[in-house]
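Before any comments, here is the structure.
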Amino acid sequence: VKNRWLFGVGAALGAVAVGATVAKSAKRAALQERLARLRESPVQGRNIVVVGGGFGGIHTVARLLELLPPESGWRITLVDQRNFFLFTPLLYHAATGLVDPSHILFPTRALSTAPHFFFREATVTGVDFERKAVLLDDGELPYDYLVMALGSTTNFFNQDQALRHSLTLKSSGEAVVLRNRIIDAFERADIATNAEERKRCLTFAVVGGGATGVELVGAIRGLVHGTLARQYPHIGSHEARVMLFENSERLLGGLPEDLAVHAENRLRELGVELRLKCAAANVTETELTTRTGEVIPTRTVVWAAGVRPVPLTEKLDVPRGRTGRIVVDSFMEIEGRPGCYALGDMAACPDVATGKPLPPNAAVAVRQGKALAEIILARLENREPTPFHFDFPGELVSLGRHEAVARIGGVKLTGFPAWVMWRSYYLTQLMGFKNQIGVALDWSFAYFYQRDTVRLDLPPAVADGGAVVSEVPREPSPTPPIPSALPPSATPASS
Ligand SMILES: Cc1cc2nc3c(=O)[nH]c(=O)nc-3n(C[C@H](O)[C@H](O)[C@H](O)COP(=O)(O)OP(=O)(O)OC[C@H]3O[C@@H](n4cnc5c(N)ncnc54)[C@H](O)[C@@H]3O)c2cc1C
């Protein structure tokens, strides 16, 4: 029996080894074929430039690096103003002491050490489509193929006061600022002698009842009622108000009504004050006024009511849709700009099933990035590419500890199972093993003990949204600074 077992195990291992060798040779043969096709194709240049290293950009680059090895002769350059990728779905957790902010950041240069991959930390200031050059704050970059994935910014719908006095949550710095603000509000309230001021400090308002606003208000509630109320024994838990303002009749417009109603009920039970059909009309340093005229004294208003493409989009000579997003076709190519593509939040890419623009979210951007790399490869090989088709994978919205709502395919989940699914899914999606371990440990610590409530010491310039003082002064570089670091053998014959 023992020999039969040993024989079985040996045969299985042998089969695996043979399978792996066959797969490896098939991969090598496919690569040789691809390289041969690339050599035959009329190569006009050698630079693929991807601007924006968020969800869309980083996945485009990762897939391009798989499809185009160094021997292909193509350089792949990623440009971003920050040298890290930010995992936005866990920003609320960074803003409310559940995870360390550095655990949701992934260093962009760690993406690849391939000799034909270049990262450039710079701010894109424009694109000269005639000269085929990306304009940067410290020079410019020539391109043959351009991919634009610069994302979006908060939409204040022309409410200047709200822009001046609300907090937003789009970056890791803003997450730290929000966390500091909430903790500081408790510190101020603890010593306030004026009852009105104490009330103002202890009222936290979120504007916008989409997925971002709902997840954020749930996370703030957890920090305020779950941790801070215990750490400040002179402040009663009932004194702290956490409020959510939504313009329409219901929360979570993208989810089925029964899930939205469940979310509303659970948030109310958890102590969140919901104001539906209640738009914010004005925000000042000390209060929020609704369109119905109600005045809420508060020092903390977080604006999560919508997004619009980054302001640079308006400066580009490209067609834009109703919401300001760049109009692209189902290959993500910009209308009238051959070889230039846009994806993610800044692009209005039609859903092939409905013809309507796909929503601005990470799930769309990631799938677009991977598909766009295939489209570019097809173009390089003179093949007809496949249009981008988005299969809706489902939606997960966290409401707080043990509470979430989810729709996966036709299945709807609520409560603990949805919460476990939310955490498991996002843990697996995080980039970098170190980050996954870090977040898992942070969550465990917060679950069994308590959240981190240290007010992080920021230099005032950062807190005010000004320039970061630790920056090394930059020399403007007039010449295109792509290093010619490719090995000589990697240069294609025709270039
Ligand atoms: C708090 C929060 C939570 C979210 N949660 C979810 C979620 O749970 N699920 C989901 O699907 N989506 C979620 N989203 C939305 C998701 O983050 C975006 O849809 C997604 O990031 C869009 O990808 P993108 O590639 O278009 O842009 P981004 O990921 O925003 O990347 C844009 C990149 O461009 C860079 N950039 C911008 N301007 C310049 C410039 N001028 N020069 C150089 N670089 C520049 C930025 O630094 C950034 O790295 C969330 C968003 C936020 C803010």
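In listed order, ligands and their atoms are each counted from 1.
For ligand 1, the polar-atom distance check finds an N/O of Gly56 within less than 3.5 Å of one of the ligand's N/O atoms. The shortest N or O to N or O distance between Ser152 and ligand 1 is not under 3.5 Å. At least one N or O atom of Asp345, backbone or side chain, sits closer than 3.5 Å to an N or O atom of ligand 1. Below 3.5 Å of separation, one finds no N or O of Glu215 facing any N or O of ligand 1.
Closest to atom 21 (O) of ligand 1 among all protein heavy atoms lies Phe55 CD1, 3.2 Å. With respect to atom 9 (N) of ligand 1, the closest heavy atom belonging to the protein is Tyr426 OH, 3.5 Å. Atom 39 (C) of ligand 1 has as its closest protein heavy atom Gln81 OE1, 3.4 Å. What sits closest to atom 31 (O) of ligand 1 on the protein, heavy atoms only, is Gly54 CA, 3.1 Å. Nearest to atom 42 (N) of ligand 1 among the protein's heavy atoms is Val124 N, 2.8 Å. The protein heavy-atom contact nearest to atom 47 (O) of ligand 1 is Asp80 OD1, 2.7 Å. Nearest protein neighbour of atom 12 (N) of ligand 1, counting heavy atoms only, is Ala362 N, 3.1 Å. Nearest non-hydrogen protein atom to atom 14 (N) of ligand 1 is Thr88 OG1, 3.8 Å.
Contact annotation: the side chain of Asp128 never approaches that of Glu140 to less than 4.5 Å [non-hydrogen atoms, C-beta and beyond]. For the pair Gln161/Thr284, a side-chain contact is recorded, criterion being any heavy-atom separation below 4.5 Å from C-beta on.
Those atoms of ligand 1 that come under 4.0 Å of a heavy atom in Ala363, given as number and element, are 11 (O). Taking every non-hydrogen atom of Lys170 and a distance limit under 4.0 Å, the qualifying atoms of ligand 1 come out as 53 (C).
With a 4.0 Å cut-off on non-hydrogen atoms, Ala122 touches ligand 1 through its backbone and not its side chain.
Taking a 4.0 Å cut-off on heavy atoms, Tyr92 registers as neighbouring ligand 1.
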